Student: 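I have a structure I would like to understand better, so I am pasting it below and will then ask my questions one at a time.
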Amino acid sequence: MLDQLHIRDERSEDADAVHALLKAAFGPDDPAVPPLVDSLRRNNRLSVALVAEAGGVLIAFAAASEAWAQHGEADIAAIAPVAVVPAFQRKGIGTRLMREVLDRCRRAGFEAAVVLGDPAFYSRVGFTPATEAHLHCGWCDGPAFQAIALQPGALERIDGLVEYDPCFDECN
Ligand SMILES: CC(C)(COP(=O)(O)OP(=O)(O)OC[C@H]1O[C@@H](n2cnc3c(N)ncnc32)[C@H](O)[C@@H]1OP(=O)(O)O)[C@@H](O)C(=O)NCCC(=O)NCCS
């Protein structure tokens with residue numbers, strides 16, 4: 001499976017397929033995610049948007065947008081959402097896509113990244129609890145909020161509340 005996977009930048013003509021794959025991955029419990037991505041795209045707030053295709057079909061998506069820490073200076077990427085269509089989950093695709101997104105964020109100049117999600121998944125690519133770096137999230141302060149340094153020492157230079165792009169406020 002992984003050898004047939006092609007990861008590339010999202011193109012404008014992918015928008016409908018991305019919306020459909022997000023709907024399939026997040027299901028009825030999280031209806032806010034597909035419109036969130038539409039809103040980030042419409043407002044030009046997607047710093048990184050990657051799709052994974054297999055056999056010409058889009059099966060996964062991951063995006064990053066800018067975020068800001070209350071104190072200190074570092075360029076922070078908020079990685080959200082990350083989604084793999086249900087039939088292709090637990091085959092290593094999400095992990096591979098996360099590695100690529102982090103690499104793209106690093107190359108785009110981001111010095112740190114944050115995510116909200118299951119630590120069992122995100123710890124696989126190096127995320128640790130954000131509270132260890134004294135970073136907090138306005139929506140959730142449990143173990144789901146995690147951070148990673150993309151440049152050495154970046155997490156030591158920031159602390160406090162991390163603010164996501166205003167597009168996220170419409171969805172939380
Ligand atoms: C979370 C998600 C992106 C993971 O992608 P994936 O391709 O299934 O993940 P991988 O195969 O690379 O890694 C799976 C591992 O992550 C961990 N994991 C923890 N929670 C998980 C979850 N809900 N789903 C899948 N894996 C999970 C497990 O360790 C799992 O390993 P295992 O299968 O041996 O138990 C995917 O399941 C998904 O799209 N879920 C719905 C949307 C979502 O919740 N996105 C994340 C929040 S933005």
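What you see is a predicted model; the values in this text were computed from it and never measured. Nothing fancy with the numbering, it's 1 onward along the sequence. Counting starts at 1 for both ligands and their atoms, following the listed order.
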Student: Hey, which atoms in ligand 1 end up nearer than 4.0 Å to a heavy atom of K91?
Tutor: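 So the answer, numbered in order with elements, is 11 (O).
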
Student: Quick one: look up the protein heavy atom nearest atom 19 (C) of ligand 1 and list residue, atom name and how far away it is.
Tutor: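 Checking every protein heavy atom, the shortest distance to atom 19 (C) of ligand 1 gives A120 CB, 3.6 Å.
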
Student: Within this structure, what is the CZ-OG1 distance for the pair F121 and T95, rounded to the nearest 0.5 Å?
Tutor: 4.5 Å

Student: Who's the nearest protein heavy-atom neighbour of atom 39 (O) of ligand 1, and how far?
Tutor: V84 N, 2.8 Å

Student: With heavy atoms of A83 as the reference, note each atom of ligand 1 found under 4.0 Å away.
Tutor: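 Contacts of ligand 1 toward A83, numbered from 1: 39 (O).
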
Student: If I apply the N/O under 3.5 Å rule, does G94 come out as touching ligand 1?
Tutor: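 Yes.
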
Student: For residues F26 and V85: do they belong to one hydrophobic cluster (side chain heavy atoms under 4.5 Å, members Ile, Leu, Val, Met, Phe, Trp, Tyr)?
Tutor: yes

Student: When you measure from atom 31 (O) of ligand 1 to every protein heavy atom, which one gives the shortest distance, and what is it?
Tutor: R124 NH1, 3.3 Å

Student: For atom 45 (N) of ligand 1, find the nearest protein heavy atom and state the residue, atom name and distance (0.1 Å precision).
Tutor: V82 O, 2.8 Å

Student: Any idea which atoms of ligand 1 are less than 4.0 Å away from a heavy-atom of T95?
Tutor: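 Per the distance check, 10 (P), 12 (O), 13 (O).
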
Student: For atom 23 (N) of ligand 1, what is the closest protein heavy atom, and at what distance to 0.1 Å?
Tutor: R90 NH2, 4.4 Å

Student: With the threshold set at 4.0 Å, does a side-chain nitrogen-carboxylate oxygen contact exist between R107 and D103?
Tutor: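 Between D103 and R107 there is a salt bridge, with a charged N closer than 4.0 Å to a carboxylate O.
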
Student: Distance alone, cut at 3.5 Å: any donor-acceptor contact between the side chains of S65 and R45?
Tutor: no

Student: What is the distance from atom NE2 of H134 to atom CD of E156, rounded to the nearest 0.5 Å?
Tutor: 9.5 Å

Student: As an exercise, identify every atom of ligand 1 less than 4.0 angstrom from a heavy atom of G92.
Tutor: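 Those qualifying, in numeric order: 10 (P), 11 (O), 12 (O).
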
Student: If you measure every N/O of A25 against every N/O of ligand 1, is any gap under 3.5 Å?
Tutor: no

Student: Does CD in E100 sit with more than 12 non-hydrogen atoms of other residues, nucleotides or ligands closer than 6.0 Å?
Tutor: yes

Student: When you measure from the side chain of R157 to the backbone of A74, do you find a donor-acceptor pair of N or O atoms at a distance under 3.5 Å?
Tutor: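 Pair absent, no side-chain N/O of R157 close to backbone of A74.
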
Student: Output the list of atoms in ligand 1 that are nearer than 4.0 Å to some heavy atom of Y122, sorted by atom number.
Tutor: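 Matching atoms, with element in brackets: 46 (C), 47 (C), 48 (S).
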
Student: Nearest non-hydrogen contact with atom 1 (C) of ligand 1 belongs to which option: F121, F61, F26?
Tutor: F121

Student: Give me the nearest non-hydrogen protein atom to atom 38 (C) of ligand 1 as residue plus atom name, then the distance to 0.1 Å.
Tutor: Q89 NE2, 3.4 Å

Student: For the atom pair CG (L36) and SG (C167), what is the distance rounded to the nearest 0.5 Å?
Tutor: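 Atom-to-atom, L36:CG and C167:SG are 7.0 Å apart.
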
Student: Pick one: which of V51, L5, V84 meets side chain to side chain contact (heavy atoms under 4.5 Å, CB included) with I59?
Tutor: L5

Student: Please find out if less than 6.0 Å separates the ring center of W139 from that of Y164.
Tutor: yes

Student: Answer yes or no: is there a donor N or O on one side and an acceptor on the other, between the side chain of N43 and the main chain of L40, under 3.5 Å?
Tutor: no

Student: Can you check atom 6 (P) of ligand 1: any protein non-hydrogen atom closer than 4.0 Å?
Tutor: yes

Student: Would you say A80 contacts ligand 1, with heavy atoms under 4.0 Å as the rule?
Tutor: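 Under 4.0 Å: no for A80.
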
Student: With heavy atoms of D118 as the reference, note each atom of ligand 1 found under 4.0 Å away.
Tutor: 19 (C), 20 (N)

